[in-house]
Visitor: 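I have a structure I would like to understand better, so I am pasting it below and will then ask my questions one at a time.
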Amino acid sequence: MAASRRASPSGMSGHITFLFAVAAGVATGNLYWAQPLLSFIAGDLRTATATAGWLVTATQVGYAVGVLLLVPLGDVLDRSRFVPVMLLASAAALLLCALAPTIGVLLLALGVLGVTTISGQVLTPLAGDLAGDTHRGRVVGVVGSGTLTGILASRTISGFVASAAGWRTVFVLASVVAVLLAALLHRAIPPLPPRTRLSYPQLIASVGTVVRRERAARWTLVLAATGFAAFSLFWTALTFLLSGPPFRYPVAVVGLFGLAGLAGVLSGLHGGRLHDRGLSLPATGAAWVLALGAFVVATFAGRSVTLIIIVIIVIDVALQTQALLNRARLFALSPEARSRLNTALATGNFIGGAIGSAAGTMLWSAGGWAAVTITGAALCCFALTVWALGRRGPLVIGLRPDGPRAT
């Protein structure tokens, strides 16, 4: 692609925004290819299903390490090179997964894959940099929607491909796609100077420094982690609900319910405009009210598949809208530290998601679906309290000398 067709730092063309969204979705989807294939993999590698269960853990732990140690480099490296290199590294890890002769090698390969498949967490703040102030919310929303699509669609795609051509084919195809995206992004991303100059130890330490310096970041991170906890709580328990009585759906059918969650993609495509119009905080409050209503309805939906589908759609739209708005506000705080703020956001979300998943399992055992939905409603009430206390003070992002708009 000629230089004249590249995106400039003042804007993002439609096709480059779409490319970023696809790349972010594929990178995030790499974390979930193995999740529905555990029984396939266990049988092929002659190991117990419980042992294969550690494959998901290895990927998630690797991803947490990558987010903490590699994503901040987006503030000090030329991302036109950094992003393609990470995609190529993840492609190599995916190929190693496909060739793994034993469960031990596959565990190692998936751990490496988790560390290297962090391109989506670099592309999102990069999209914010390239978009400019007036369209940042919309562009970040589209790229964020790509990430959500990767999370929700990867399990379904993985199951279909594995059923047709074996589990190793899933990783081979993902590796090929990663190489292709690396080539496309290398040509599409303009050379960008580093946003700041710090040594690596200073860079990692400064993640905490930026969060301590920005009060709005701390309050926003609390909302974000709460949202991800509620999201993980719901989806973890939903699997138990649909697998047991009265539904007793097989795993393949349970996976299809994730497609209903793709409605949350629409919140990313349109919700970003609310931030661009200065409506970020009112829309955040409205999203949490919507989520609260959905959890209340969910309490009575334990025997109605129609109500469950409606609840899935509403909860995903509400929680993904507030997640998008949280990210857009964070990116408005400090342009020179967007990758580090995204690191803090992803880390908080990871912790919130882990707590939500664990809580979903324990609450299901202790009190069933009602205990899960009541806890989800309680999380929404907590988030609404934080929002109400912060919407006229700690959550407000005012005009700063370095350029962010008031929201």
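The first residue of the sequence shown is numbered 1, and numbering continues consecutively from there.
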Visitor: Nearest 0.5 Å please: distance from the NE2 atom of His186 over to the CZ atom of Arg81.
Guide: 8.0 Å

Visitor: Measure the shortest side-chain to side-chain distance between Leu68 and Ile204 over non-hydrogen atoms and say whether it is less than 4.5 angstrom.
Guide: no

Visitor: Are any side-chain N or O atoms of Ser206 and backbone N or O atoms of Thr209, one a donor and one an acceptor, separated by less than 3.5 Å?
Guide: no

Visitor: Hydrogens and angles aside, do Arg329 and Thr284 bring a side-chain donor and acceptor to less than 3.5 Å of each other?
Guide: yes

Visitor: Are any side-chain N or O atoms of Thr28 and backbone N or O atoms of Gly25, one a donor and one an acceptor, separated by less than 3.5 Å?
Guide: no

Visitor: Could you check Asp316, Ile310, Val311 and say which one makes a side-chain contact (heavy atoms from CB on, under 4.5 Å) with Val314?
Guide: Ile310

Visitor: For the residue pair Trp369 and Trp364, does the interplanar ring angle fall in the parallel (under 30°), tilted (30 to 60°) or perpendicular (over 60°) class?
Guide: perpendicular

Visitor: Checking Thr117 against Ser90: is there a side-chain donor and acceptor pair closer than 3.5 Å?
Guide: no

Visitor: Quick one: does Ser232's side chain have a donor or acceptor within less than 3.5 Å of a partner on Ala229's backbone?
Guide: no

Visitor: Between Tyr63 and Phe350, is the ring centroid distance below 6.0 Å?
Guide: no

Visitor: State, to 0.1 Å, how close Phe228 and Gly353 come at their nearest heavy-atom pair, and which atoms those are.
Guide: CD2-CA, 3.5 Å

Visitor: Report yes if some heavy atom in the side chain of Val386 is under 4.5 Å from a heavy atom in the side chain of Thr226; otherwise report no.
Guide: no

Visitor: Would Leu185 and Leu123 count as a side chain to side chain contact (heavy atoms under 4.5 Å, CB included) if you check the C-alpha gap in whole Å, the side-chain angles of each, and the deciding distance to 0.1 Å?
Guide: CA-CA 10 Å; Leu185 287 169; Leu123 284 168; 4.3 Å; yes

Visitor: Is there a donor-acceptor pair under 3.5 Å between the side chain of Ser175 and the backbone N or O of Ala91?
Guide: yes

Visitor: If only atom types and distance count, is the side chain of Asn342 paired as donor or acceptor with the main-chain N or O of Gln121 below 3.5 Å?
Guide: yes

Visitor: So, does Glu214 use its side chain to make a donor-acceptor pair with the main chain of Val211 at under 3.5 Å?
Guide: no

Visitor: Of all the heavy-atom pairs spanning Leu45 and Ala100, show the shortest one and how long it is.
Guide: CD2-O, 4.1 Å

Visitor: Under 3.5 Å, is there a donor-acceptor pair between the side chain of Thr220 and the main chain of Ala217?
Guide: no

Visitor: Can you tell me how the ring of Phe231 sits relative to the ring of Trp235, calling it parallel under 30°, perpendicular over 60° and tilted otherwise?
Guide: tilted

Visitor: Quick one: closest heavy-atom pair of Val140 and Leu324, and the distance?
Guide: C-CD1, 4.0 Å

Visitor: Applying side chain to side chain contact (heavy atoms under 4.5 Å, CB included) to Thr375 and Phe295, what does each step give before you reach the verdict?
Guide: CA-CA 9 Å; Thr375 302; Phe295 271 108; over 6 Å; no

Visitor: With a 4.5 Å heavy-atom cut-off, do Arg327 and Thr124 have their side chains touching?
Guide: yes

Visitor: Any sub-3.5 Å donor-acceptor pair from Arg338's side-chain atoms to Pro125's backbone N or O?
Guide: no

Visitor: Has the side chain of Asp75 got a donor or acceptor atom that lies under 3.5 Å from a matching backbone atom of Ser339?
Guide: yes

Visitor: Spell out, as yes or no, whether a donor-acceptor pair under 3.5 Å connects the side chain of Trp387 to the backbone of Leu281.
Guide: yes

